[in-house]
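Residue numbering restarts at 1 for every chain, and letters A, B, ... go by the order of the sequence lines.
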There are 2 protein chains.
Amino acid sequence: MDNKKIEKISRALSDANRIAILQQFKKRKDCLYCAEVNDLLDLTQPSVSHHLKQLVDADLLLSQKEGRNLKYVLNQQVLDEYIACLNELKS
Amino acid sequence: MDNKKIEKISRALSDANRIAILQQFKKRKDCLYCAEVNDLLDLTQPSVSHHLKQLVDADLLLSQKEGRNLKYVLNQQVLDEYIACLNELKS
DNA sequence: TAGATATATTTAAATATTTGAATGTTTCGA
DNA sequence: TCGAAACATTCAAATATTTAAATATATCTA
């Protein structure tokens, strides 16, 4: 994982709404639907869409279309790679 | 570690210059002097000062004054706590 | 003590991010 | 097929971040 990627993932994680989204996976279940995220956050639908896009663009979330709905799952592999890079910082 | 703190640390990590600073600790030694960071980055002194402040404010770096100089060390404990929070995201 | 060195702060400009209104696209169901 | 539902995109406004010039502060040294 190069520095550009570390930067992008860090930026995706640097917002309270996006952190809240990621934490829902642990609380609820292994996947989240777009509509559930809209209910979770106190934001309009376009804003939520924007935040989800940041997480998907950083590869922290994987999305899968199910008819009109959109299902998200946490990309544990990318999260692990990011964590590994942070561990590398330690001497 | 609360979400505000996770947000702040993530934001501190979301910049190429600041990532480069943190990586120098691994490359060189256990501490870095402010002047060395100024040499490392292709930025003016006030800009470097700003980036170092972001890292210190996020508690990722600890600073210690030595006369006119300023010595920085990596705060491994905070880094570990942050990593632990990221691991918690995994279900 | 005066001047130099190391770092911080203030200020302003450029750029990026966040947000929501309006609107677009896709898909479902009647 | 038509209207509704789910989600995305565009656009503009508000806010935040990054950067450097100018300047300030603290400390060392001659």
Side-chain angles (χ1 to χ4, degrees), chain A residues 3-25 28-29 31-75, chain B residues 3-25 28-29 31-75:
Chain A
N3 282 8
K4 272 289 166 208
K5 183 83 183 189
I6 296 174
E7 186 182 343
K8 187 156 197 171
I9 292 176
S10 300
R11 188 166 297 276
L13 291 169
S14 70
D15 178 275
N17 293 300
R18 294 193 291 265
I19 293 169
I21 293 171
L22 295 177
Q23 286 171 339
Q24 280 299 309
F25 286 92
R28 293 201 190 182
K29 49 209 167 192
C31 75
L32 262 184
Y33 284 87
C34 186
E36 294 177 299
V37 181
N38 274 288
D39 291 343
L40 172 68
L41 302 181
D42 193 24
L43 289 174
T44 59
Q45 179 267 321
S47 293
V48 175
S49 186
H50 162 75
H51 287 301
L52 285 167
K53 185 168 163 39
Q54 304 299 109
L55 292 169
V56 170
D57 286 354
D59 295 319
L60 285 168
L61 292 187
L62 299 171
S63 67
Q64 192 179 344
K65 224 177 168 191
E66 285 188 355
R68 280 181 296 188
N69 303 320
L70 201 43
K71 187 169 86 171
Y72 292 100
V73 295
L74 195 62
N75 191 343
Chain B
N3 281 9
K4 272 290 166 208
K5 183 84 183 185
I6 297 175
E7 186 182 342
K8 187 156 196 170
I9 292 176
S10 299
R11 187 166 298 275
L13 292 170
S14 71
D15 178 274
N17 293 300
R18 295 193 291 266
I19 292 169
I21 293 171
L22 295 177
Q23 287 171 337
Q24 280 298 308
F25 286 93
R28 292 203 193 181
K29 47 210 168 190
C31 75
L32 260 184
Y33 284 87
C34 186
E36 294 178 300
V37 181
N38 274 287
D39 291 342
L40 172 68
L41 302 180
D42 193 22
L43 288 174
T44 60
Q45 178 267 322
S47 293
V48 175
S49 186
H50 161 76
H51 287 301
L52 285 168
K53 186 168 163 37
Q54 305 296 110
L55 292 169
V56 170
D57 286 354
D59 295 319
L60 285 169
L61 292 187
L62 300 170
S63 67
Q64 192 179 345
K65 222 175 169 191
E66 286 188 355
R68 280 181 296 189
N69 304 320
L70 202 42
K71 187 169 86 172
Y72 292 100
V73 295
L74 196 63
N75 191 343

(request) Compare every heavy atom of B:Y72 with every heavy atom of B:L70, then report the nearest pair and how far apart it is. (result)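 Looking at all heavy atoms of both residues, the shortest contact is CD2-OH, 3.4 Å.
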(request) Kindly give the heavy-atom pair with the smallest separation between B:L40 and B:A20, and that separation in Å. (result)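 Looking at all heavy atoms of both residues, the closest pair is CD2-O, 4.0 Å.
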(message) If we count only N and O atoms by modelled type, under 3.5 Å, do the side chains of A:Y33 and A:E66 hold a donor and an acceptor together?
(response)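 Yes - a donor-acceptor pair under 3.5 Å links their side chains.
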(message) We want to know whether A:N3 and B:Q23 form a side-chain donor-acceptor pair, criterion being a heavy-atom distance below 3.5 angstrom.
(response)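 There is such a pair (donor and acceptor under 3.5 Å, judged by atom type) between the side chains of A:N3 and B:Q23.
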Value in whole Å for how far the [atom2] atom of [N] lies from [atom1] of [X]:
X: A:R11; N: C:dA16; atom1: CZ; atom2: P; value: 10 Å
X: A:I21; N: D:dC7; atom1: CD1; atom2: P; value: 13 Å
X: B:H50; N: C:dA6; atom1: NE2; atom2: C1'; value: 19 Å
X: A:E36; N: D:dA6; atom1: CD; atom2: P; value: 12 Å
X: A:D15; N: D:dT15; atom1: CG; atom2: P; value: 16 Å
X: A:K53; N: C:dT18; atom1: NZ; atom2: C1'; value: 15 Å
X: A:Y33; N: D:dC7; atom1: OH; atom2: P; value: 10 Å
X: A:E66; N: D:dA6; atom1: CD; atom2: P; value: 14 Å

(request) Mind running a 4.0 Å heavy-atom check of residues 38-47 of chain B against DNA chain D and sending the residues that fall below it, in number order? (result)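 Within this stretch, B:L43, B:T44, B:P46, B:S47 sit under 4.0 Å of the strand.
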(message) Any carboxylate oxygen within less than 4.0 angstrom of a Lys/Arg side-chain nitrogen, looking at B:K5 and B:D59?
(response)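 Judged by the 4.0 Å cut-off on N to carboxylate O distance, B:K5 and B:D59 do form a salt bridge.
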(request) For the residue pair A:C34 and A:L52, establish whether any side-chain heavy-atom pair is separated by less than 4.5 Å. (result)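 A side-chain contact under 4.5 Å exists here.
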(message) Can you confirm whether B:N17 sits close enough to B:D42 that some side-chain heavy atom of one is under 4.5 Å from a side-chain heavy atom of the other?
(response)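 Of all side-chain heavy-atom pairs linking B:D42 with B:N17, none is under 4.5 Å.
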(message) The side chain of B:S49 is closest to which nucleotide in this list: C:dT18, C:dT19, C:dA8?
(response)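 Selected nucleotide: C:dA8.
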(request) Look at all strands and tell whether B:H51 reaches a base, only sugar-phosphate, or nothing, counting heavy atoms closer than 4.0 Å. (result)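 Counting heavy atoms under 4.0 Å across all strands, the contact made by B:H51 is with sugar-phosphate only.
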(message) Rounded to the nearest 0.5 Å, what separates atom CD in B:E7 from atom OG in B:S14?
(response)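 Interatomic distance, B:E7 CD to B:S14 OG, rounded to 0.5 Å: 10.5 Å.
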(message) How long is the straight-line distance from CG of A:L55 back to CD1 of A:I9, given to the nearest 0.5 Å?
(response)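 If we round to the nearest 0.5 Å, A:I9:CD1 and A:L55:CG are 10.5 Å apart.
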(request) Examine D:dA26: is either OP1 or OP2 under 4.0 Å from a nitrogen or oxygen in the side chain of B:N69? Give yes or no. (result)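 It does not, given that no N or O in the side chain of B:N69 lies less than 4.0 Å from OP1 or OP2 of D:dA26.
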(request) For A:R18 and for B:K71, find the nucleotide of DNA chain C with the closest heavy atom, then tell me which residue's nucleotide is more 5'. (result)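 So the residue in question is B:K71.
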Polar atom pairs (N or O), protein with nucleotides 25-27 of chain C, under 3.5 Å:
{"from": "C:dT26", "atom 1": "O3'", "to": "A:K65", "atom 2": "NZ", "distance (Å)": "3.4"}

